[in-house]
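Each chain gets a letter, A, B and so on, in the order the sequences are listed, and its residues count up from 1.
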Number of protein chains: 2
Amino acid sequence: MTTTNPTEAPAGRRRGPSMADVAREANVSGQTVSRVSNGRTNVDAETRERVLAAMRKLGYRPNSAARALRTGRFHSIGVIMFTLSTYGNMRTLDAIAVAATDAGYSLTLIPVPHPTQGEVSVALHRLSEEAVDGVIIIVEAHLLDETDVELPPDLPVVIVDSRGRDRYPVVDTDQAHGARLATEHLLGLGHRTVWHVAGPERSYSAERRRESWESTLRAHGAEVPPVLVGDWSSESGHALGLELARDPEVTAVFAANDQMALGVLRAMHESGRAVPDEVSVVGFDDMAESASFWPPLTTVHQFFGEVGRLSVEALVHEVEAGERRGTTLVSTELVVRESTAAPRRD
Amino acid sequence: MTTTNPTEAPAGRRRGPSMADVAREANVSGQTVSRVSNGRTNVDAETRERVLAAMRKLGYRPNSAARALRTGRFHSIGVIMFTLSTYGNMRTLDAIAVAATDAGYSLTLIPVPHPTQGEVSVALHRLSEEAVDGVIIIVEAHLLDETDVELPPDLPVVIVDSRGRDRYPVVDTDQAHGARLATEHLLGLGHRTVWHVAGPERSYSAERRRESWESTLRAHGAEVPPVLVGDWSSESGHALGLELARDPEVTAVFAANDQMALGVLRAMHESGRAVPDEVSVVGFDDMAESASFWPPLTTVHQFFGEVGRLSVEALVHEVEAGERRGTTLVSTELVVRESTAAPRRD
DNA sequence: CTGGCGCATGTTGACGTCAACATGCTACGG
DNA sequence: CCGTAGCATGTTGACGTCAACATGCGCCAG
């Protein structure tokens, strides 16, 4: 049944005191309450005090729905992303959350549990009904490309870690730079060439890292060995690492993220190939744990905080000033630890 | 008219078509549009089609602020949490996000960047203005205890991984069970006693794990060695592990999470103490990476997905049915890998 | 043939807030 | 002594939606 009982309370739903109640209590008009609530200065000190007292007494909380309806602003940023399970996504989200809070926005998470095109469409459609002023999208590019659902045309959007289709501002780590750093580090150590454990086929960042690794090898006249394709997980790194360990030619491996690098490390240990004495391994991300891997991992540091901060900044700028930004690249840094060394002289 | 400047655009703010526009286009009343928009059945098929066509043509998107104002429901769940940087928090958040989406709610993140009491107060206060139907709180218990800011009294709340102060429903992993599992596993292997690398002093879960480790030792008549206190990070695990490695008495270590266990592993390697031959190590969490640690880590598996699912379920139940749930404990499971073995016979 | 019921659809008003405009009072210059 | 500028405060209406009630039509039982 819905409601038959006449003694029933307001359907379990709270309706707190409104401005009108506060106004009555403080003996002023609703508008004055509004002014106090919004921190306007043109209110007499004594009146303001009276209003604040009334607010406290009644436990007044502004109704954000009414405010949003009136002003057209929600003060909330939507974030569309896949599973939080990759280290990078999580760190980026964390940074976005902090930056958004600082900018006076809250965050609305719109997860896309299964990265299929259909799900993305659903999420984007869902977005239409969400109460957000703008959206930060962190999904693999190809899914966006293939998705026919249009984003609401007038909604500010910033793309992170992906391609902007020439239509949206992009904030991304300089993947190419990082991969070059890693590859050149290994080459500089004297390795003949560098093997690559890549991220999944259709990942934009995996693709960029792979391209850059390849072109760096070519630029240095090094042979380009076949690419091994993983899925970001340490499991896949482990499986692929086992293959690499079997080949005595392999002396240097660049994994497209730290988790796969960890798997490679394990594979080398299991196969009795010493790191870094026989095989050098470099990762990408610089997870908090990477320094505690065995051996501590040489890797490419990503400034996730910066990516998050810049994407919020770009979005808020578009929301508030109506001006769209272009592409921003965040630099990377090589962190040399103990998983890399010069190849053994045979 | 309202605007003074005739050439002025709508102040950079989008105001999409409203129900009234759709109604005009479809030649029906606004109420009929509302009915179609909400999927009511009492609309003639032909009329519904006409309305849907008009919606598509105009690109109509329901205004959630107006809807929320009218209905008093936001269809959003707030999540208050510290930094996402611990593995457990992130996994829990992920699960909450998925469960919330399935239940038809979106997620509003209210981060508390710095875990000081003041910040928590700010976050809770901020909450007052957020457009949420209920809140899931994932912060250390003591900060809640010390916080004088009251939660809005009529707002449904569920506490995760913390203590409910007898006022709110709690969903938590059965910390005590997990710690007992770990300790008994080590004892069962024949170790004389088990050393403990604990989480930070004031963490509720750290406290529970530590208590349970201690009482399990006592129950088995084993000596209780001094506790080493870390901060969840692998860095701290490493530092503490170095101390443990120096003491030849130490043959079994239970770390309160996998990240600290990783640090202990590294410390043992650096100190030349073989794992598991000389020292056994057990963690807590079962991170995705733990199987790739060297050696693969024996650890206590937490069902984060279950915790997230149950907390959303409890909250939604309270929001929609007005009934409050009690405390729910989620079980744990020991995953035995290769970081544990019987102590060496000297 | 008529009263009334079921169904599709329309009309009205209120949710809480805030911008725009209106009012009324004080102070100060000419 | 009056005009008006400047400030605090009040009044009005609209943002978009939906619940409640109202209307009008077809159909069937009596």
- Item | Under 3.5 Å side-chain donor-acceptor pair for B:Arg67 and B:Ser37 | yes

Separation of [N] [atom2] from [X] [atom1] (nearest whole Å):
X	N	atom1	atom2	answer
A:Arg24	C:dG16	CZ	C1'	13 Å
B:Glu49	C:dA8	CD	P	16 Å
A:Leu58	C:dG16	CG	C1'	15 Å
A:Arg70	D:dT17	CZ	P	16 Å
A:Leu69	C:dG16	CG	C1'	9 Å
A:Asp21	C:dC15	CG	C1'	13 Å
A:Arg48	D:dC7	CZ	C1'	14 Å
B:His75	D:dT17	NE2	P	15 Å

What's the separation between atom [atom1] in [X] and atom [atom2] in [Y], rounded to the nearest 0.5 Å?
X	Y	atom1	atom2	value
B:Ile96	B:Met81	CD1	CE	6.5 Å
A:Asp94	A:Asn89	CG	CG	12.0 Å
B:Phe74	B:Leu69	CZ	CG	8.5 Å
B:Met19	B:Asp21	CE	CG	11.5 Å

- In degrees, rounded to 10°, what is the bend between the two ends of the helix from C:dC1-D:dG30 to C:dG30-D:dC1, using five pairs at each? 50°

- Message: Among residues 31-46 of chain A, which ones have heavy-atom contacts with DNA chain C below 4.0 Å?
- Response: A:Gln31, A:Ser34, A:Asn38, A:Arg40

- Within less than 4.0 Å of OP1 or OP2 of C:dC18, is there a side-chain N or O belonging to A:Arg67? yes

- So, is A:Thr47 close to the D:dT9 phosphate, meaning a side-chain N or O under 4.0 Å from OP1 or OP2? yes

- Heavy atoms, side chains only, cut-off 4.5 Å: are A:Asn63 and A:Ser18 in contact? no

- Identify the two heavy atoms, one from A:Arg50 and one from A:Ala26, that lie closest to each other, and give their separation to 0.1 Å. NH1-O, 2.5 Å

- Note on the structure: Of all heavy-atom pairs linking B:Glu323 and B:His317, the shortest is OE1-NE2, 3.1 Å

- Whether A:Arg35 side chain and A:Arg48 backbone form a donor-acceptor pair below 3.5 Å: no

